[in-house]
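Per chain, numbering begins at 1; letters A, B, ... match sequence-line order.
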Amino acid sequence: MSNENDTQRTNEPARIFELYKTMCLIRAFEERSEDEFDAGFINGSIHQYIGEEAIGTGVCANLRDTDYILSNHRGHGHSIAKGADPESMMKELMGRVGGTSGAKGGSMHIADFSVGMLGANGVLADGLTMGVGAAQAICLRGVDAIVTVFVGDGTTNRGPFYEALNWAMVYELPILFVCENNGYASSTVTRSITAGEGPVARAKAFGMPAFDVDGNDVNAVDALAADLIARVRGGGGPHFLHARTYRVKGHISRDKMLYRPEGETEERFKDEPIGRCAAWLIANGFEEAEIVSARDAAYAQIDAAVAAAKDASFPNKNLAYADVQDFGPPEPWQQDGGAA
Amino acid sequence: MSNENDTQRTNEPARIFELYKTMCLIRAFEERSEDEFDAGFINGSIHQYIGEEAIGTGVCANLRDTDYILSNHRGHGHSIAKGADPESMMKELMGRVGGTSGAKGGSMHIADFSVGMLGANGVLADGLTMGVGAAQAICLRGVDAIVTVFVGDGTTNRGPFYEALNWAMVYELPILFVCENNGYASSTVTRSITAGEGPVARAKAFGMPAFDVDGNDVNAVDALAADLIARVRGGGGPHFLHARTYRVKGHISRDKMLYRPEGETEERFKDEPIGRCAAWLIANGFEEAEIVSARDAAYAQIDAAVAAAKDASFPNKNLAYADVQDFGPPEPWQQDGGAA
Amino acid sequence: MTEMTFADAVREGLAEELRRDPLVWALGEDLSTAHGGTSANQYVGLIDEFGPKRIVNTPISENTIMGAAVGAAVAGTRPVADLRMADFGMCAVDELVNQAAKIRYMFGGQARVPLVVRQAIGVRKGAAAQHSQSTEAWYVHTPGLVVVAPGTPADGRGLLKSAIRADDPVVYMEHKDLWLASGDVPDDEGVVPIGVAKTVREGSDLTIVSWSKMARLCEEVADTLAGDGVSVDVIDLRTLWPWDKDAVYASVCKTGRLLVAQEAVQVGGFAAEIATDVTENCFDALKTHARRIGAPRMPVPYAEPMENEFRVTPERIIARARELLAA
Amino acid sequence: MTEMTFADAVREGLAEELRRDPLVWALGEDLSTAHGGTSANQYVGLIDEFGPKRIVNTPISENTIMGAAVGAAVAGTRPVADLRMADFGMCAVDELVNQAAKIRYMFGGQARVPLVVRQAIGVRKGAAAQHSQSTEAWYVHTPGLVVVAPGTPADGRGLLKSAIRADDPVVYMEHKDLWLASGDVPDDEGVVPIGVAKTVREGSDLTIVSWSKMARLCEEVADTLAGDGVSVDVIDLRTLWPWDKDAVYASVCKTGRLLVAQEAVQVGGFAAEIATDVTENCFDALKTHARRIGAPRMPVPYAEPMENEFRVTPERIIARARELLAA
Ligand SMILES: Cc1ncc(C[n+]2csc(CCOP(=O)(O)OP(=O)(O)O)c2C)c(N)n1
Ligand SMILES: Cc1ncc(C[n+]2csc(CCOP(=O)(O)OP(=O)(O)O)c2C)c(N)n1
Ligand SMILES: [Mg+2]
Ligand SMILES: [Mg+2]
């Protein structure tokens, strides 16, 4: 959710309470989409953000509507944090009229350009190269905005990641790279396929200021993001934020996680960001009841979104032929009365 | 040129004199190919190694015939240093029968598999990813060999370079990366498009031992290469050798170098490796005459190679249809009696 | 014969080749930690028998998966590189097309590149634009490559074996929707030769040429048309380069009518090559001009009603066949 | 009209667009330090007028040249990305095909991707396997992309302008051998519309469809055949997608005979699409079946006698045309 007031200090309880609400909204969205996936209302695959909510939330709280973010395959949380409407998102996941991408993209292509969310992506690392280009466009157009790109730990082994780091530094672009290190790349433990000290050391090798944070601590993420984003916005060039977290769920919702040591999930779940944030809020003067009702409100909002999505109709098949390109028709089916 | 005796100490004058001869052979080859290119005997483009001879020479002197090297677009020097026959190479450049690649590849695809030279390459960085694969094959086959890959400074901004570094470390492969930093990437000063401290820092970010050397000092290159290759051969995993040099000639032979500050070439040429090596040899007991006659012998050998190449015939056109693939004919021209 | 799924049959085939030849190995993302629902399923358990040097879990580095396979092939082994989907395969087109396909040739026969690259094709429900593409036409157009697209468990296993044993680089394109499809698989070695099509329905009125999952739909089409008294030869090409011209020409000479059906986008697809080639070589045998059918030239949309507009369905093939038969 | 080379005309066209629209910019390797002999020649001097923010010398990072162009297009600018050669373009197929071509569609029209990607095609003497490929067929087969392949200086300039002004991603494929070819260029704006072919020879006996440098060779062919009393319509398509079906159909209806000539490998090439489409749509007008001609399915060899075996020469086109005329 964007926050127009950049000067507001981080870690004020009222602010953290807002972040808490956003995290609950993401969690509720992810839990409900899993249910609806299992019930057959969502097709394809969904990559859930459960347990990682503090990162997108803490980062995007420091961005404006006019700033851009580029996401990856795990894009629901980033979208909600950037201010996309969960109801339109749920319609997208269910392939209904009113979906953020007109039901053309589904979960892996969730996007809301009206709030600067330039898209999830089904191809790893492509958001990085596109992100540096978006930042170049910002400079060329002379607008006051920055770009944030989210990238998973596993993806830091793809070549375009390095090209983008170098490129961003060479042109001193207004961009923040956020690496969400959840320990896994699909079914593989990322460390097992990653040499050296990891993403921070790699970013530093390009001369990029790089910082590490506990990604399950929304206060810490918010504070570091506020600092780095202020630097980027102030002309300080690219920065790198490395957030340590844990992928509580499977890689995709169907994933049985047979590769994961027994008990690991449960052990690591103790550290999940929403519970930690709730505890911090209580320690900082909030009532348990306020917190519970905020969480309930989030679930209620998502339940309403699910209901609205189920009520929405499926798009007319002829819409398939729209938005391909200006030049050259898609040559639709003649024989069964496809679109003109 | 391969050297079976790994225990031989580096920097012995007799050994350096051999390296000197190899460097002269490369220089002569490059000078004569430029002449022949200008005279129309060579087609396409040639990328010359003039001024960089000490690197390929110093490195390959520590390799065996059974070791593999993978080169890039600037492959003549690597080939000669690894032991390829200059006459067959010149035939290849002139597109004649007896060329190393049967006149199918030309300069940019110079290769001699019989001495472990697995090819120059027209696509930057691809030798790196192929190199790690070759090293994996060595491990799988259990043979006693290592791989060396040559890469230019400009190419260190391509993504596959990083993928290959990471990959090599993850599988602890027997591979040496040699970065030839000649200051330029075509017409561009590499520093102007390269962030951070450069290749050594980047390699180290992957946990790879990385070393810097004066690439115009064949003694120094030889000594460092001997050390690193011994470590790689001994199971020490991937190593990185960064050699500083200067591209004395244009990017390709036709290049007028209009982008280069006046006088730069002449100034930097003072540091070229063959003259430096000659001076060292004289300081270490060699007669000027021995040195001159070694150089003359190199030119004579290349002149003979040029003459032999010019004498050789052009390949029969029907050879074009050979070596495409086993399955599926190339469908040659029927109407003018192409190959069956 | 044993009934098994495509995924199981291909895994069996791979295991048999791994046992037969110690120079065969496989590399790709998640190969040794496999979980359900992806091509990685086809590697479950192999790590236990063959160990991490031969079932190699790679970093997410498509350029290097492909590039390393090329280097390892040149250096005397027989890698099977899995890029998971043709869509991700686009991240490694350079290594496949500029290197694997050309090395033997541009080095004048000094080296061979015996590798297999698996890249799955096809629409799987809800997979949308970036996980649904069928790019076989690109690779047929690329000299140096062999392209296979098996459409049954037996062919999946048998062609994988041939692909592994071939000294050419082979692009092995399996259809995601077939992974869980079952079929009879021979109990013997069951090698399926490269370049040999299979006539899966015999008929005399019309030839339908297809491959991969589409060949299965064309069998349905033939069965439906049989109800109308139309008898159809359905040829499952199995290998796209080199495709079995003898089989197709013979069938067209018999039926005089050709329909080529593909799942890929119609414009510029492989069906155009077959239609053109057959027209050039069997013109006198044709009773009417050859037809083809393929998808509209649009990315694959997500929501089902739109996704169905992309699909080349049996109904659409039948409509086209009837049009052809009426001509 | 002013006579100038293709390279100069296209540089002029780019400069004019840069002047017209401050959102236009160019990126690629060596663009601001250009030297002779490469496509970079076409940027000489532009840095002085437009500065380093609009003539961007990039690192050697093909993925990012293409990816950044996509991101910058989505974010409201009009980049012209130069990948130098279609062969290097293979390093960025993913960004072009998975992103540029699909973004508008998969995000339901929320964004447009107005970019031009230049990737030169064609054999240049001695350039060999990795610097000679013609891959236009791949991009014609890719939904979301426009493909242009101008064959004269005027078309080079005029189509670059249209490509820059288009809101679709445009693959702009110039032929390396044409860079130094001269021709008349109009003194006015000279915009050449996308999708409109040009009939460069008028005739009534045979239609030859071609594009890029091959269209120039086909003009020679027409002139030679005119000597035999054969009158040939030569259509230079200029745009490959969408190709000008009206112009081709009209010509074929007039002549009844179609030959499609391409420089690319024949198998699976774009000529097959045209031959098939015309056969499907103008069958009754055809006096004999359509023919095509393209290169053997092999990498491009280096030495001249072999390289010539790859080439689709005027002599070979004439032989094919005579065969067709005799049918
Ligand atoms: C180029 C590419 N390769 C492979 C995939 C398949 N894939 C999707 S997500 C994923 C793992 C990504 O791991 P990471 O970057 O750590 O992100 P996480 O899923 O943990 O958030 C893989 C291999 C893909 N989508 N794109
Ligand atoms: C992937 C790719 N991009 C671009 C080119 C064109 N190109 C050939 S050499 C070169 C410069 C390489 O610079 P560097 O790596 O420093 O090597 P050097 O030429 O200095 O030896 C370029 C851009 C290419 N061959 N391949
Ligand atoms: Mg991860
Ligand atoms: Mg250099």
If you measure from [atom1] on [X] to [atom2] on [Y], what distance do you get to the nearest 0.5 Å?
| X | Y | atom1 | atom2 | answer |
| --- | --- | --- | --- | --- |
| B/F161 | C/N63 | CZ | CG | 14.0 Å |
| B/Q136 | C/K53 | CD | NZ | 8.5 Å |
| B/D126 | C/N98 | CG | CG | 7.0 Å |
| B/W167 | C/L27 | CH2 | CG | 5.0 Å |
| B/M117 | C/Q110 | CE | CD | 9.5 Å |
| B/T129 | C/E95 | OG1 | CD | 5.0 Å |

request  = Give a yes-or-no answer on whether the side chains of B/N121 and C/Q99 include a donor-acceptor pair shorter than 3.5 Å.
outcome  =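 C/Q99 and B/N121 do have a side-chain donor-acceptor pair below 3.5 Å.
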
inquiry  = For chain C, which candidate among B/A164, B/A111, B/P330 shows the most heavy-atom pairs at distances under 4.5 Å?
reply    =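 Greatest number of close heavy-atom pairs with chain C: B/A111.
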
Winner by heavy-atom pair count (cut-off under 4.5 Å) against chain C, out of B/S101, B/G328, B/A322 =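 Ranked by contacts with chain C, first place is B/S101.
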
query = Is there side-chain contact between B/Y68 and C/V74, with heavy atoms separated by less than 4.5 Å?
reply =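 No - every pair of side-chain heavy atoms lies 4.5 Å or more apart.
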
Can you tell me which portion of [X] sits under 4.5 Å from chain C's heavy atoms? Options are side chain, backbone, both or neither.
| X | value |
| --- | --- |
| B/A120 | backbone |
| B/Y162 | neither |
| B/A320 | both |

Non-hydrogen atoms of chain B under 4.5 Å away: do they reach the side chain of [X], the backbone, both or neither?
| X | answer |
| --- | --- |
| C/T58 | both |
| C/P52 | neither |
| C/N57 | backbone |

inquiry  = If you count every heavy atom of other residues, nucleotides or ligands that lies below 6.0 Å from C/E49 atom CD, does the total exceed 12?
reply    =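 Yes, CD of C/E49 has more than 12 neighbouring heavy atoms, counting only those of other groups under 6.0 Å.
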
ask   = Around C/K245, counting heavy atoms of other residues, nucleotides and ligands shown, do more than 12 lie under 6.0 Å from its NZ?
value =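 Result for NZ/C/K245: enclosed.
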
message = Run C/W241 and B/Q325 through side-chain contact (heavy atoms from CB on, under 4.5 Å) and show every step you take.
response = CA-CA 11 Å; C/W241 188 264; B/Q325 58 190 92; 3.7 Å; yes

Nearest atoms (heavy-atom pairs only) where [X] meets [Y]:
| X | Y | result |
| --- | --- | --- |
| B/F113 | C/A111 | CE2-CB, 3.3 Å |
| C/S61 | B/E163 | CB-OE1, 3.3 Å |
| B/V132 | C/A68 | CG2-CB, 4.2 Å |
| B/L140 | C/W25 | CD2-CD1, 3.2 Å |
| C/T77 | B/A137 | CG2-CB, 3.6 Å |

request  = Specify which of C/G71, C/P169, C/A101 makes the most heavy-atom pairs with chain B at under 4.5 Å.
outcome  =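 Sorted descending by pairs with chain B, the first entry is C/G71.
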
query = Of the listed residues (C/M66, C/E62, C/K102, C/R112), which shares the most heavy-atom pairs with chain B below a 4.5 Å separation?
reply =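 Among the listed options, the one with the most contacts to chain B is C/R112.
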
request  = Decide yes or no on salt bridge (charged side-chain N to carboxylate O under 4.0 Å, His left out) for C/R104 and B/D326, but give the supporting numbers first.
outcome  = CA-CA 11 Å; C/R104 175 179 177 189; B/D326 288 345; 3.1 Å; yes

Verdict with supporting geometry, B/F327 and C/L145, side-chain contact (heavy atoms from CB on, under 4.5 Å) = CA-CA 9 Å; B/F327 290 96; C/L145 298 179; over 6 Å; no

query = Parallel, tilted or perpendicular: which fits the ring planes of B/H109 and C/F107, with parallel below 30° and perpendicular above 60°?
reply =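 Perpendicular: the ring planes of B/H109 and C/F107 meet at over 60°.
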
